[in-house]
Amino acid sequence: MRNRLPPSRSSAVTRRGLLIGGGAGVGLVLAWAVWPRRYLPNLAADKGETIFGAWIKIGDDGHVTVAVPQAEHGQGVYTALPQIVADELGADWRTVAVEPAPLNPLYANPLGANALFETDTATLVGRWRDAHAVATTTMLTAGSSSVRAFEDDLRQAGAAARVLLCKVAATRWGVDWQACDTKAGFVIHGTDRLRFADLAAEAAGGTLPEALPMRINQDDSRLSGQSLPRLDAPSKVDGSANFAGDVRLPDMVFASIRQGPIGDSRLLRVDRAAADRIRGVVQVVTNDRWVAAIGNSWWAANRALDALAPRFETRGPIVTSATIDAALRAALDAPGKRIEAVGDVEAVLQATRPVTAEYRAGLAVHAAIETMSATARFADGRLELWLPTLAPAMARAAAAAAAGISADKVVVHPMLIGGSFGANLDSRCAEQAAVLAVKLKRPVQLTWSRVEDLLHDRFRPPAMARMAARLGANGQILGWRTRIAAPATGQAIAGRLFAHDPGFRTALALTPPGDPYAVAGAAPPYRIPAYAIDHHPAEIGVPTGHWRSGAHSYTAFFTECFLDELAHLSGIEALSFRIGLLGGNARLARCLSTAASLGGWEGGISGSGQGIACHSFRGSHIAVLVEAHVGEGGAVSVDRIVAAVDCGRQINPDLVRQQIEGGLLFGMAAATGGSTDITRGMPDVRRFGDLGLPRLADTPDITVELISSQADPGGVSELAVPPVAPAIANALQAATGYRLRGLPLVPGSK
């Protein structure tokens with residue numbers, strides 16, 4: 001099953017790895033290599049379609065389908081990537097469709113892996129990852145990497161298809177193919193025009209020149225930089241878009257699941273007789289870790305779980321919020337691992353008593369609209385899976401291991417995702433669905449309830465930081481040290497994703513303590529002659545995972561709040577203090593000055609309720625100004641958010657704006673709620689209403705200014721999350737006169 005979205009505008013031809021030298025910025029002519037010998041494209045063509053390499057199909061009705069190797073979970077990748085192809089091809093946006101790319105090493109995303117694990121290729125794990133990314137089909141959607149990772153490949157694909165189409169048309173007209181061009185789905189030469197549809201079948205068998213010319217015209221026919229309509233929007237509006245929960249197969253049953261508390265929990269007993277009395281219940285499946293009820297509807301299956309009244313036993317220590325805090329504090333008191341350093345910060349800080357502060361961030365939940373789900377069918381020794389996943393090859397490997405079959409016997413159908421925010425890097429639901437399909441010998445759709453989804457989330461890890469700095473004359477910061485206690489979440493994510501690869505497990509076992517992921521973003525973007533970032537690994541007993549923006553969500557809070565405190569101590573207005581420290585970071589400085597100007601910055605003076613913060617992240621820069629106050633009942637109220645963004649060249653400005661606005665609200669929700677305590681091994685939250693999430697009435701006035709730039713595109717989907725919480729905290733300090741140093745922000749706490 002392919003989840004194709006209807007045509008709208010774009011096209012191209014080629015596949016990854018065609019460049020043999022240089023990059024898109026080298027010039028207008030790119031070196032062109034032969035088609036790869038090791039990996040062949042494996043796109044499937046419908047009747048009337050012609051395949052162009054690994055990326056494009058053109059139909060005899062004129063439609064252009066682009067294969068997208070990244071998961072669409074609201075960020076707009078099903079529009080941005082086809083738009084790149086369509087721009088270089090000269091396609092008509094109204095004729096463009098999109099479908100998920102098949103599993104193939106050609107679509108591997110090493111940049112996404114680098115961004116996800118926040119490490120470079122100099123580390124042991126980094127060397128392993130880059131060497132094996134293609135071989136293990138690392139098709140990851142992570143790290144705001146989609147455009148950055150695939151723009152060059154997609155432009156090559158579009159250019160190659162354009163050249164092939166032009167060659168066929170030129171032969172028919174008896175002209176030089178280099179005198180031809182493409183526009184709105186036609187090859188043109190003077191007044192002559194031929195549709196792509198009339199040329200595709202013949203063009204696909206053509207040969208490419210040694211040098212592939214890229215389009216140089218900058219007229220209105222160029223699609224890159226335009227706010228074209230999203231390809232996935234119409235089907236989502238009219239309800240025709242297919243998510244995992246929409247899959248229906250013959251003889252399919254529905255399943256709901258109940259898992260044990262956090263820790264080494266084992267199922268002791270269930271009341272099967274009580275479940276049998278629930279109308280519509282088909283079967284009950286148990287193992288040591290969970291119990292699943294199967295029914296002819298999901299509602300019947302979920303009701304049966306309550307009737308089953310499963311009882312679990314947890315071996316070892318019981319996790320609570322108190323034990324988590326104790327583990328973090330113990331880790332901070334123990335020696336840490338230095339992750340990054342410039343200069344001799346210890347000598348600088350010992351010269352005089354430094355300014356110090358301690359900050360904390362709690363567990364944060366994903367709480368995506370779509371809970372974990374998967375549909376599985378096992379027949380004739382082969383397993384099919386329909387599921388929302390950010391790592392389809394890893395999900396395939398995990399499901400195969402759970403089902404006891406080889407990975408080449410598993411077919412994954414990636415579906416549209418209802419949110420995720422990183423949650424769908426987890427493959428547990430795919431494993432459970434695979435086990436149920438094999439056991440039941442009939443198709444089964446497993447959906448976690450909202451309660452189950454919250455209780456068994458892979459949470460954004462908690463963290464505790466001890467900040468220290470030495471101030472010099474005129475607002476200089478002479479030394480800066482950040483010590484952060486947090487779980488080694490990057491290593492945990494990698495261990496789960498590559499759990500079935502012996503080579504990776506060996507590399508991971510040899511990796512020294514200290515996890516760059518856990519302190520990512522902690523290095524200040526300011527000009528400081530001596531600074532150091534230390535990670536203190538903490539064993540908290542709670543499984544953690546990637547959450548939109550990862551550790552940047554708390555490291556930016558630590559950095560930007562502490563910097564505000566230093567500005568107050570120096571007697572310097574917070575904006576001027578920041579800009580004075582930025583040195584050569586002109587792009588971030590411009591973001592700060594733009595946000596301040598648009599927001600009517602008053603200096604963050606007492607009573608103004610204004611706060612400002614900034615962050616640089618994945619090649620992009622952002623500054624956020626917030627106006628906030630403490631309302632009735634002591635709740636934090638955010639009145640206004642102004643953001644200035646420099647994310648480089650924009651493929652689709654509307655998509656950028658959507659992601660920034662969504663990120664601002666996501667960051668605001670996490671700053672004022674979106675967290676949970678742990679009581680006796682179970683998270684306290686059970687439903688959305690427990691999370692203190694902002695409602696429509698709580699939404700502040702939002703202004704987003706996109707700064708024009710011709711720099712290479714940077715990451716966008718996670719960019720706006722990190723600076724929101726510190727901007728709110730800084731605003732509350734201006735409004736109330738006291739500093740909140742913990743996330744979520746709770747007035748009256750420290």
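A search for side-chain contact (heavy atoms from CB on, under 4.5 Å) contacts involving Ser449 returns Trp298, Asn302, Val451, Glu452, not counting sequence neighbours. Residues passing the ring pair (Phe, Tyr, Trp, His ring centres under 6.0 Å) test with Phe617, sequence neighbours excluded: His552, His615. In this view, Arg442 and Asp251, Val253, Val282, Leu440 satisfy the side-chain contact (heavy atoms from CB on, under 4.5 Å) rule, not counting sequence neighbours. Annotation: ring pair (Phe, Tyr, Trp, His ring centres under 6.0 Å) contacts of Phe421 (sequence neighbours excluded): Phe666. Checked against side-chain contact (heavy atoms from CB on, under 4.5 Å), Asp246 has the following partners two or more places apart in sequence or in another chain: Asn242, Phe243.
Distance check: Ser145 OG to Leu116 CG gives 9.0 Å after rounding to the nearest 0.5 Å. The CZ atom of Arg458 sits 10.5 Å away from atom NE2 of His456, with the distance rounded to the nearest 0.5 Å. Taking CZ of Arg618 as the reference point, atom CG of Leu111 lies at 9.0 Å (rounded to 0.5 Å). Rounding to the nearest 0.5 Å gives a distance of 11.5 Å between CD of Gln83 and CZ of Arg230. Atom CD1 of Ile324 and atom CD1 of Ile540 lie 5.0 Å apart (nearest 0.5 Å). Rounded to the nearest 0.5 Å, atoms OH (Tyr107) and CZ (Phe150) are 9.5 Å apart.
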> Taking it one step at a time, do Leu267 and Gln259 satisfy side-chain contact (heavy atoms from CB on, under 4.5 Å)?
Replying inline: CA-CA 8 Å; Leu267 182 65; Gln259 300 162 87; over 6 Å; no

>> Does Ile678 form a side-chain contact (heavy atoms from CB on, under 4.5 Å) with Ser321? I'd like the steps, not just the answer.
In response: CA-CA 5 Å; Ile678 305 290; Ser321 292; 4.2 Å; yes

>> Could you go through Arg450 and Asp453, starting from their C-alpha distance and side-chain angles, then the distance that decides it, and tell me whether this counts as salt bridge (Lys or Arg N to Asp or Glu O under 4.0 Å)?
In response: CA-CA 5 Å; Arg450 174 61 59 194; Asp453 197 68; 3.7 Å; yes

>> Could you go through Ile702 and Leu665, starting from their C-alpha distance and side-chain angles, then the distance that decides it, and tell me whether this counts as side-chain contact (heavy atoms from CB on, under 4.5 Å)?
In response: CA-CA 9 Å; Ile702 296 177; Leu665 289 172; 3.9 Å; yes

>> Could you walk me through whether Gln659 and Ser717 satisfy the side-chain hydrogen bond (donor to acceptor under 3.5 Å, both in side chains) test, starting with their C-alpha distance in whole Å, then the side-chain angles of each, then the deciding distance to 0.1 Å, before giving a yes or no?
In response: CA-CA 5 Å; Gln659 285 305 295; Ser717 62; 4.7 Å; no

> Can you list the steps and then say if Cys429 with Leu387 is a side-chain contact (heavy atoms from CB on, under 4.5 Å)?
Replying inline: CA-CA 9 Å; Cys429 193; Leu387 71 155; over 6 Å; no

> So Glu313 and Arg269, salt bridge (Lys or Arg N to Asp or Glu O under 4.0 Å) or not? Walk me through it.
Replying inline: CA-CA 10 Å; Glu313 176 188 45; Arg269 63 182 180 273; over 6 Å; no

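Looking only at distances, a side-chain donor or acceptor of Asn287 sits under 3.5 Å from a matching main-chain atom of Arg289. Between the Arg258 side chain and the Pro310 main chain, no donor and acceptor come within less than 3.5 Å of each other. In terms of modelled atom types and a separation under 3.5 Å, the side chain of His366 and the main chain of His546 share a donor-acceptor contact. Between the side chain of Thr320 and the main chain of Arg680, no donor-acceptor pair closer than 3.5 Å is present. Of the possible polar contacts, none joining the Arg279 side chain to the Asp276 backbone as a donor-acceptor pair under 3.5 Å is found. Under a 3.5 Å cut-off, the side chain of Ser420 and the backbone N or O of Ile417 do not form any donor-acceptor pair. In this structure, Glu72 contributes its side chain and Gly74 its backbone to a donor-acceptor pair below 3.5 Å. In terms of modelled atom types and a separation under 3.5 Å, the side chain of Asp515 and the main chain of Gln491 share a donor-acceptor contact. For the pair Ser256 (side chain) and Ala301 (backbone), a donor-acceptor distance under 3.5 Å is absent. Side chain of Thr323 to backbone of Val319: no donor-acceptor contact under 3.5 angstrom is found.
Between Asp380 and Arg382 there is no salt bridge, since none of the side-chain N atoms of the basic residue sits less than 4.0 Å from a carboxylate O of the acidic one. A salt bridge links Lys236 with Asp232: at least one charged nitrogen is closer than 4.0 Å to a carboxylate oxygen. The residues Asp690 and Arg687 are annotated as salt-bridged, a charged nitrogen and a carboxylate oxygen being separated by less than 4.0 angstrom. The residues Asp306 and Arg303 are annotated as not salt-bridged, no charged nitrogen and carboxylate oxygen being separated by less than 4.0 angstrom.
Taking both residues in full, the closest heavy atoms of Ala255 and Ile294 are given as CB-CD1, 3.6 Å, listed atom of the first, atom of the second, then distance. Here the shortest heavy-atom pairing between Ala292 and Leu436 reads CB-CD2, 4.0 Å. Counting all heavy atoms, side chain and backbone alike, Ala430 lies closest to Leu385 at O-CD2, 4.2 Å. Nearest heavy atom pair, residue Arg396 against residue Val412, reads CB-CG2, 3.7 Å. Minimum heavy-atom separation, Ser675 to Leu691: O-CD2, 3.9 Å. Scanning all heavy atoms of the two residues, the minimum distance from Pro261 to Ser265 falls at O-OG, 2.8 Å.
Put simply, the side chain of Phe254 does not reach to within 4.5 Å of the side chain of Thr447, judged on heavy atoms. You'll find the side chain of Val411 stays beyond 4.5 Å of the side chain of Leu383, heavy atoms only. Side-chain contact between Val98 and Leu231: present, with at least one pair of heavy atoms (C-beta onward) separated by less than 4.5 Å. The shortest distance between side-chain heavy atoms of Asp698 and Val638 does not fall below 4.5 Å.
Judged by distance alone, the side chains of Thr314 and Asp264 never bring a donor and an acceptor atom under 3.5 Å apart. A donor-acceptor pair shorter than 3.5 Å can be found between the side chains of Gln70 and Ser146. In this structure, a donor-acceptor pair under 3.5 Å is present between the side chains of Thr489 and Thr544. Inspection of the Thr676 and Asp684 side chains reveals no N or O donor paired with an N or O acceptor under 3.5 Å. Between Glu99 and Thr65, the side chains place no donor N or O within less than 3.5 Å of an acceptor N or O (distance only, hydrogens not considered).
Remark: of the listed residues Leu743, Val636, Ile641, Val636 is the sole one forming a side chain to side chain contact (heavy atoms under 4.5 Å, CB included) with Ile728. Tested against Gln432 for a side chain to side chain contact (heavy atoms under 4.5 Å, CB included), the candidates Val285, Ile257, Val444 yield a single pass: Ile257.
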Per-pair distances, 0.1 Å, donor-acceptor, side chain in residues 367-379, under 3.5 Å, sequence neighbours excluded:
residue	atom	partner	partner atom	Å
Glu370	OE1	Gly418	N	2.8
Thr371	OG1	Trp448	O	2.7
Thr375	OG1	Gln445	NE2	3.1
Arg377	NE	Glu384	OE1	3.2
Arg377	NH2	Glu384	OE1	2.7

